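Let me begin by presenting the structure, written as structure tokens, before commenting on it.
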Amino acid sequence: MARRSFIAIVGHGPDLERDEGAASVLRSLGADVRTLDLWDDPPRLFLDDESKARAIVVEALDRPDLAAAALRALRREPRLEEVGALVAVSVAQIARIEPSSGFDDFLLVPYVPAELYARVRLVEWRRSEFATEERVKVGAIVIDRAAHDVSVGGMHVPLTAKEFALLSYVCERRGKVVSRTELLRRVWGSQYEGGARTVDIHVRRLRAKLGAALPLVTLRGAGYRLESPVPGSGGPEGADAGRALQRGGAGAESHGEERGEERDEDEDEEGDDEGDEESDEDEEGDDEGEASARGERRSGTSASTSTTTGRERRITR
């Protein structure tokens, strides 16, 4: 049996069913809507176990402070933890919307019906995850298998063939631990003779390219696990995830540190190897400098000797 989906409208009880309210507008557009008073218990939205909320619209109107408190109460209901939320305010209250309140987007009252429904669908898309034969969406990451294309928040991300295959596989195994041996076998093939460091290098490249949008954590001695998107990177993905891509590798590394991600031995060794190569280059540069200095000293010595010899000849004569 398919799960029934609905849009939850939360606000001041007597105003929820007004003609120009979000509930009436969305119902006129054919959406299944359920209403909840600001002070009611969130579980009352779910009439049966098969219900699922598509999005939440909190009608704050002239009290955005109440909207933030209402959203915190809604998030304590497990079935609403990952549902996208919009806050509806009057034009005069826009400046009072706090970015840290947890809402994905805002709406202005009075509503424009087409805009209201479009924003609900947009926040629903941002929070959605799915996997089909042709497309996979995890947080802000969309993998188009047919077009061999990857985008984050609508921004194209160029990947090599192996990076694309590796990303596709860890997304398919979302929430499960995948070992380096498994990744080598499934991505590179059983005939591949390289070692586990190949996996680590490609993971590092993916993290640098995808930034905070890729919540791939390292489990020492076990492998990798793709976790749920970090709040702020999966929705709205077009903002934070896009900025993370622009920041590049620095954003990816800081993201790993914030999540307490453990670095594995192969990555550490790779970093040591890179450091050794840089040291070798520095030493080579020093050798060249010393050789140049020795050459200059020889030239200076030769010139000095020649001058001294000339003086001795003049004195002798």
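All residue numbers in this chain count up from 1 along the given sequence. From a predicted model like this one, the values you see are computed outputs, not experimental measurements.
No donor-acceptor pair closer than 3.5 Å links the side chain of Arg207 to the backbone N or O of Pro215. Using a distance-only test at 3.5 Å, with no hydrogens or angles considered, no donor-acceptor pair links the side chain of Arg225 to the main chain of Leu216. The main-chain N or O of Ala22 is found under 3.5 Å from a side-chain atom of Glu59 such that the two form a donor-acceptor pair. Between the side chain of Asp41 and the backbone N or O of Pro43, no donor-acceptor pair lies under 3.5 Å. Using modelled atom types, one side-chain atom of Ser24 and one backbone atom of Arg18 make a donor-acceptor pair closer than 3.5 Å. Between the side chain of Lys137 and the backbone N or O of Trp125 there is at least one donor-acceptor pair closer than 3.5 Å.
At a threshold of 4.0 Å, the pair Glu172-Arg145 counts as salt-bridged, since one of the basic side-chain nitrogens sits closer than that to a carboxylate oxygen. With respect to Glu77 and Arg44, no salt bridge is recorded, no charged nitrogen being found less than 4.0 Å from a carboxylate O. Checked for salt-bridge contact, Lys209 and Glu163 meet the test: a charged N lies under 4.0 Å from a carboxylate O.
Judged by distance alone, the side chains of His12 and Asp37 never bring a donor and an acceptor atom under 3.5 Å apart. A donor atom on one side chain and an acceptor atom on the other are not found under 3.5 Å apart for Ser179 and Tyr224.
Counting only residues at least two apart or in different chains, salt bridge (Lys or Arg N to Asp or Glu O under 4.0 Å) contacts with residues 110-125 comprise Arg54-Glu124, Asp105-Arg119, Glu115-Arg119.
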Chi angles and distances behind the side-chain contact (heavy atoms from CB on, under 4.5 Å) call for Tyr117, Leu26: CA-CA 7 Å; Tyr117 194 61; Leu26 290 171; 3.8 Å; yes
side-chain contact (heavy atoms from CB on, under 4.5 Å) between Leu159 and Leu206, worked out: CA-CA 8 Å; Leu159 299 181; Leu206 282 178; 3.9 Å; yes
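Through direct or indirect side-chain contacts shorter than 4.5 Å among Ile, Leu, Val, Met, Phe, Trp and Tyr, Leu122 is connected to no other residue.
Between Ile56 and the choices Val123, Asp104, Val87, Leu74, the side chain to side chain contact (heavy atoms under 4.5 Å, CB included) rule is met once, by Leu74.
Closest approach of Leu45 and Phe6 over heavy atoms only: O-CZ, 3.8 Å. Closest non-hydrogen pair, Ala60 versus Val89, comes out as CB-CG1, 4.0 Å.
Residues His202 and Trp188 place their aromatic rings such that the two centres sit under 6.0 Å apart.
Classification of the His148-Phe164 ring pair by plane angle, with boundaries at 30° and 60°, yields parallel.
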